[in-house]
Amino acid sequence: MPEEVDDAAEAGPPLEDPVDLTLDILRHSAAHLMAAAVCELFPGTQYDVGPSIEDGFFYNFLLPEDRHLTDADLADIAARMGELVKRRVPYRREVLPRDEARRLFDEMGQKFKVAIIDRLAPDVSSVSVYRTGDFIDLCRGPHVPDSGTLTAVKLLRVAGVYWRGDERNPQLQRVYGTAWFSPADLAAYLDRLAEAERRDHRRLGRELEMFHFDASAPGMPYWLPNGVIVLNELIDFWRKDHRARGYHEVMTPLINEKVLWETSGHWDHYRDDMFLFPVDEQTTYGLKPMNCPNAHVIYNLRRHSYRELPLRYSDIDPLHRFERSGTLHGLLRVRKFMQDDAHIFVTEEQIEEEYARILEITRVYYGIFDLDYSLRLGTRPADFMGDPETWDRAEAALLRILEANAGIPFTVEAGEGAFYGPKIDILMKDAIGRSWQTGTIQLDFQQPRRFGCEYIDASGAPRTPVTIHRVIYGSLERFIGILLEHFAGQLPLWLAPVQVEVVPVQDDVEAVMDCARNLVERLEAAGLRAAVSDSPGNRMQARIRDAELRKVPYVVVVGKRDVERGDDVVTVRDTRRGGTEQRSAPDLITLLNEEVTSRRPS
RNA sequence: GCCGACGUAGCUCAGUGGUAGAGCAGCGGUUUCGUAAACCGCUGGCCGGGAGUUCGAAUCUCCCCGUCGGCUCCA
């Protein structure tokens with residue numbers, strides 16, 4: 001789990017012994033036990049930090065002589081831990097003066113521990129250490145009384161991590177594990193992971209034939225017919241709604257000469273994330289990673305009055321970003337994507353009101369899908385453009401906006417802003433609880449200035465507008481990935497590639513087939529996506545199963561009995577809620593159309 | 001990009017040095033059945049790519065590509 005770990009937080013003034021055993025204590029003790037096993041198996045191992053995290057624990061190691069842990073080693077480590085559990089090794093606490101503890105770890109050659117002690121606050125005069133057999137760790141505790149408590153522990157995986165989370169530092173190896181009160185709890189946790197895997201959008205995307213990734217285009221999705229329907233429905237809704245909200249859609253070049261990126265600042269701040277290609281000795285083009293520079297070009301096509309602002313340009317052009325290979329992840333992290341993008345030119349006085357409008361759009365859009373989200377304010381990054389005073393002003397404005405929108409939880413992340421301005425991000429979680437940014441609302445004082453954008457204010461003087469960059473869905477690719485996981489593939493009716501499938505009971509009876517085809521025609525005439533089940537020779541049951549597996553929301557079965565009755569009443573199976581009911585065809589059409597237009601989530 | 005793992009039929013997977021397999025899907029036939037899998041048969045593979053070791057490589061070694069889990073980075 002990508003938990004934020006302050007590596008000095010483990011050490012400090014000793015804590016008292018716990019009254020009750022918590023999962024936190026159990027997991028932290030499991031981390032110690034694992035480190036003890038690793039040190040026994042690989043003498044000379046340096047150990048760094050090993051906290052409890054959500055659902056488990058980890059410990060970071062540097063093995064001697066460039067040895068690296070592999071999955072095979074995990075089994076050995078687990079076996080050694082098992083022996084220690086059987087021996088009920090006590091966790092013994094000692095409190096030492098700070099300098100004595102430093103000497104102890106220094107003599108042991110544990111330089112990570114020495115570094116932790118050296119980073120402690122000056123007023124910390126004593127620290128505690130815990131001994132588990134021969135293993136000694138710098139640790140505030142508290143811990144379990146002995147290792148006999150650790151009966152439901154499983155080591156999960158090994159990962160490379162940069163020391164103290166900095167890519168310029170040497171890489172350590174981290175072993176992740178999970179620990180629970182009982183083997184039954186552990187089994188339940190593993191079941192939960194297996195359930196999450198069934199919701200994995202990559203699996204659903206393949207099974208539902210929505211998208212594909214080819215080895216020749218890593219991170220660039222092929223959208224298949226089913227996926228294009230979802231994509232287009234989302235875009236159609238967005239387009240129509242935003243036109244009504246005063247947005248003007250534009251389309252701009254996918255590639256621009258280097259000079260544009262120099263003007264925008266991308267050349268200096270974003271070049272490494274761009275696809276760049278020289279076309280001759282003098283000319284280099286860049287494939288656009290963002291739409292903002294071209295939006296500024298459009299703004300500058302004529303003079304603007306303050307009366308025109310806010311001026312809202314939207315676009316959904318494809319973007320390409322050269323993401324590092326190890327970071328790609330299905331639709332959630334791609335190199336080619338589209339955003340429901342817009343650039344809004346406002347006066348500084350209009351910022352807060354326009355943000356309020358955008359946050360209202362966010363509430364509406366995420367409400368449609370029953371999605372829970374949180375907000376995050378990202379402030380000035382290390383590699384920022386412009387002057388700190390402007391940044392401070394902008395950050396203060398966004399903080400006021402967030403506070404005014406009480407009810408939605410938000411966090412402030414220092415250094416998480418874009419290089420041109422601070423931003424409010426919308427965060428969502430995937431099936432296994434990983435957090436992803438979807439929408440973002442960014443404030444930009446830099447690009448309008450760099451592009452020389454102006455408007456004429458009420459007194460006739462030229463002034464520089466502020467640009468708000470905003471996406472609500474964010475990347476449509478990522479948003480669809482999140483939706484697939486959120487709905488476990490059972491999309492709301494308005495997005496479902498096939499909304500109704502008609503299954504004939506007897507596919508060799510012409511009257512039955514005519515009835516099925518006629519129903520589909522009427523559904524289609526009413527604007528619904530319908531099809532006759534086309535697997536000749538299969539029994540009705542197999543056709544229903546097939547439609548269920550493809551997550552078709554409604555399945556209608558028609559057979560001889562319906563034809564003979566001739567009352568235009570059919571049996572409708574609701575695959576999302578389960579169960580069937582009788583309904584006249586006209587009623588069915590009205591009902592489904594109502595569900596589509598209201599965009600009910602399920 | 002870094003650490004670890006994985007890559008065999010469209011999909012899920014078995015096969016650890018000696019003739020490439022199963023289920024599902026697909027195709028052909030039989031069946032026409034009332035709400036989650038009828039039956040029989042057939043087809044289908046540069047075993048991710050390249051080099052090496054070996055009498056012999058899906059299997060062992062090295063390099064590359066891709067994927068998965070983390071780290072870093074980010075919509």
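Quick note on labels: first sequence line is chain A, next is B, and so on, each numbered from 1. Bear in mind that the values here come from a model prediction, so they are computed numbers and not experimental data.
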Problem - Pairs meeting criterion salt bridge (charged side-chain N to carboxylate O under 4.0 Å, His left out) with involvement of residues 504-513 of chain A, two or more places apart - result: D507(A)-R543(A), E510(A)-R517(A)

Problem - Pair of N/O donor and acceptor under 3.5 Å linking A75(B) base with Q442(A) side chain - result: no

Practice task
Identify whether any heavy atom of G326(A) sits under 4.0 Å from a base atom; if not, whether one sits that close to sugar-phosphate; answer base, sugar-phosphate or nothing.
Solution key: base

Completion exercise
Once base and sugar-phosphate atoms are separated, protein heavy atoms under 4.0 Å mark nucleotides 44-50 of chain B, 5' to 3', with B, S and - as -------

Exercise for the section: With a 4.0 Å heavy-atom cut-off, tell me which residues in residues 549-565 of chain A come close to RNA chain B, sorted by residue number. Expected result: L549(A), V557(A), G559(A), K560(A), R561(A), D562(A)

Practice task
Compare the ring of Y176(A) with the six-membered ring in the base of G70(B) and state whether they stack (centres under 5.5 Å, planes under 30°).
Solution key: no

Handout entry: Presence of R543(A) side-chain N/O under 4.0 Å of A37(B) phosphate oxygens OP1/OP2
Key = no

Exercise for the section: Please state the P separation for the pair G21(B) and A9(B) - nearest whole angstrom. Expected result: 14 Å

Practice task
Sequence neighbours left out, what passes salt bridge (Lys or Arg N to Asp or Glu O under 4.0 Å) with R561(A)? Give chain and number order.
Solution key: none

Handout entry: Ring centre gap for Y365(A) and H242(A) strictly below 6.0 Å
Key = yes

Practice task
Among the candidates G66(B), A37(B), A36(B), find the nucleotide nearest to the side-chain atoms of I544(A).
Solution key: A36(B)

Exercise for the section: Report which part of the nucleic acid G330(A) touches: base, sugar-phosphate, or nothing (heavy-atom distance under 4.0 Å, all strands). Expected result: sugar-phosphate

Handout entry: Side-chain donor/acceptor contact of T580(A) with base of U35(B) under 3.5 Å
Key = no

Handout entry: Nearest listed nucleotide, side chain of E167(A), among A75(B), U72(B), G4(B)
Key = U72(B)

Handout entry: Partner nucleotide, any strand, of U32(B) [Watson-Crick/G-U, under 3.5 Å]
Key = none

Practice task
Determine: side-chain N/O of R434(A) to OP1/OP2 of G69(B), distance under 4.0 Å, yes or no.
Solution key: yes

Problem - Side chain of Q506(A) (C-beta onward), nearest among U32(B), A75(B), U35(B) - result: U32(B)

Handout entry: salt bridge (Lys or Arg N to Asp or Glu O under 4.0 Å) partners of D273(A), counting only residues at least two apart
Key = none

Practice task
Can you tell me, in whole Å, how much space there is between the C1' of C11(B) and that of G44(B)?
Solution key: 13 Å

Practice task
With C1' as the reference atom in both, quote the distance from C65(B) to G49(B) in angstrom, rounded to an integer.
Solution key: 7 Å

Fill in the blank from the handout: Value for CG (L74(A)) from CE (M34(A)), rounded to nearest 0.5 Å, stands at 8.5 Å

Practice task
Give one of base, sugar-phosphate or nothing for R333(A), where a contact means two heavy atoms less than 4.0 Å apart.
Solution key: base

Problem - Y59(A) ring center within less than 6.0 Å of F61(A) ring center - result: yes

Exercise for the section: Return yes if a side-chain donor-acceptor contact under 3.5 Å exists between Q339(A) and S475(A), otherwise no. Expected result: no

Handout entry: Listed nucleotide nearest any side-chain atom of H329(A), set A75(B), G4(B), G69(B)
Key = G69(B)

Practice task
Kindly say whether the aromatic ring centers of Y189(A) and W180(A) come within a distance under 6.0 Å.
Solution key: yes

Problem - Sugar-phosphate only, base, or nothing, as touched by K423(A) at under 4.0 Å among non-hydrogen atoms - result: sugar-phosphate

Exercise for the section: Considering only atom C1', compute the distance from G1(B) to C42(B) and round it to an integer number of Å. Expected result: 49 Å

Handout entry: Which nucleotide in G4(B), U12(B), G69(B) has an atom nearest any side-chain atom of R206(A)
Key = U12(B)

Exercise for the section: Answer with base, sugar-phosphate or nothing: what part of the nucleic acid does D71(A) contact at a heavy-atom distance below 4.0 Å? Expected result: sugar-phosphate

Practice task
Between A58(B) and U8(B), how far apart are the C1' atoms? Round to whole Å, please.
Solution key: 7 Å

Practice task
Identify whether any heavy atom of G537(A) sits under 4.0 Å from a base atom; if not, whether one sits that close to sugar-phosphate; answer base, sugar-phosphate or nothing.
Solution key: base

Practice task
Using a heavy-atom cut-off of under 4.0 Å over every strand shown, decide if L328(A) touches base, sugar-phosphate, or nothing.
Solution key: sugar-phosphate

Exercise for the section: For the residue pair H329(A) and H201(A), categorise the inter-ring angle as parallel (less than 30°), tilted (30 to 60°) or perpendicular (more than 60°). Expected result: tilted

Exercise for the section: Searching all strands shown, indicate the nucleotide that pairs with C27(B) (Watson-Crick or G-U wobble; both distances under 3.5 Å). Expected result: G41(B)

Handout entry: Rounded distance in Å between the C1' positions of C24(B) and A36(B)
Key = 15 Å

Practice task
Decide yes or no on salt bridge (charged side-chain N to carboxylate O under 4.0 Å, His left out) for E395(A) and R380(A), but give the supporting numbers first.
Solution key: CA-CA 8 Å; E395(A) 287 170 10; R380(A) 194 169 73 225; 5.2 Å; no

Practice task
Would you classify T70(A) as touching base, sugar-phosphate or nothing, given that sugar-phosphate means primed atoms plus P, OP1 and OP2, and contacts are heavy atoms under 4.0 Å?
Solution key: sugar-phosphate

Practice task
Sequence neighbours left out, what passes ring pair (Phe, Tyr, Trp, His ring centres under 6.0 Å) with F337(A)? Give chain and number order.
Solution key: none

Exercise for the section: Report the residue from H469(A), H343(A), H296(A), H269(A) that forms a ring pair (Phe, Tyr, Trp, His ring centres under 6.0 Å) with Y420(A). Expected result: H469(A)

Practice task
Starting at atom CG of D166(A), determine the distance to atom P of G1(B), rounded to an integer number of angstrom.
Solution key: 20 Å

Exercise for the section: Just call it for Q173(A): base, sugar-phosphate, or nothing, with non-hydrogen atoms closer than 4.0 Å on any strand. Expected result: sugar-phosphate

Handout entry: salt bridge (Lys or Arg N to Asp or Glu O under 4.0 Å) partner of R550(A), chosen from E501(A), E209(A), E207(A)
Key = E501(A)

Handout entry: Any strand: nucleotide that pairs with A22(B) via Watson-Crick or wobble, under 3.5 Å
Key = U12(B)

Practice task
Looking at every strand, decide which applies to T575(A) at a 4.0 Å heavy-atom threshold: base, sugar-phosphate, or nothing.
Solution key: nothing

Exercise for the section: Measure from the side-chain heavy atoms of V334(A) and tell me the nearest of G69(B), A75(B), C3(B). Expected result: A75(B)

Problem - Side-chain donor/acceptor contact of R545(A) with base of U35(B) under 3.5 Å - result: no

Completion exercise
Scanning all shown strands, the Watson-Crick or wobble mate of A57(B) with both distances under 3.5 Å is none

Practice task
Select base, sugar-phosphate, or nothing to describe what T438(A) touches, counting heavy atoms under 4.0 Å on all strands.
Solution key: sugar-phosphate

Practice task
Report the nucleotide, chosen from G34(B), A75(B), A38(B), that has the shortest atom-to-atom distance to any side-chain atom of E323(A).
Solution key: A75(B)

Completion exercise
Using Watson-Crick geometry (N1-N3 plus N6-O4 or O6-N4) or G-U wobble (N1-O2, O6-N3), each under 3.5 Å, U67(B) is paired with A5(B)

Practice task
Confirm from the modelled atom types if Y162(A) and G1(B) form a donor-acceptor pair under 3.5 Å, side chain to base only.
Solution key: yes

Practice task
Rounded off to whole Å, could you give me the CD1-to-C1' distance for the I441(A) and A75(B) pair?
Solution key: 13 Å

Problem - Ionic contact status for R324(A) with E167(A), cut-off 4.0 Å - result: yes

Practice task
Give one of base, sugar-phosphate or nothing for E548(A), where a contact means two heavy atoms less than 4.0 Å apart.
Solution key: base

Problem - Pairwise C1' distance, U31(B) and G17(B) [rounded to whole Å] - result: 48 Å

Problem - G-U wobble or Watson-Crick pairing nucleotide for C46(B) (cut-off 3.5 Å, both distances) - result: none

Fill in the blank from the handout: C74(B) -> Watson-Crick or G-U wobble partner, both distances under 3.5 Å, gives none

Handout entry: Inter-nucleotide C1' distance (U16(B), U72(B)), Å rounded
Key = 36 Å

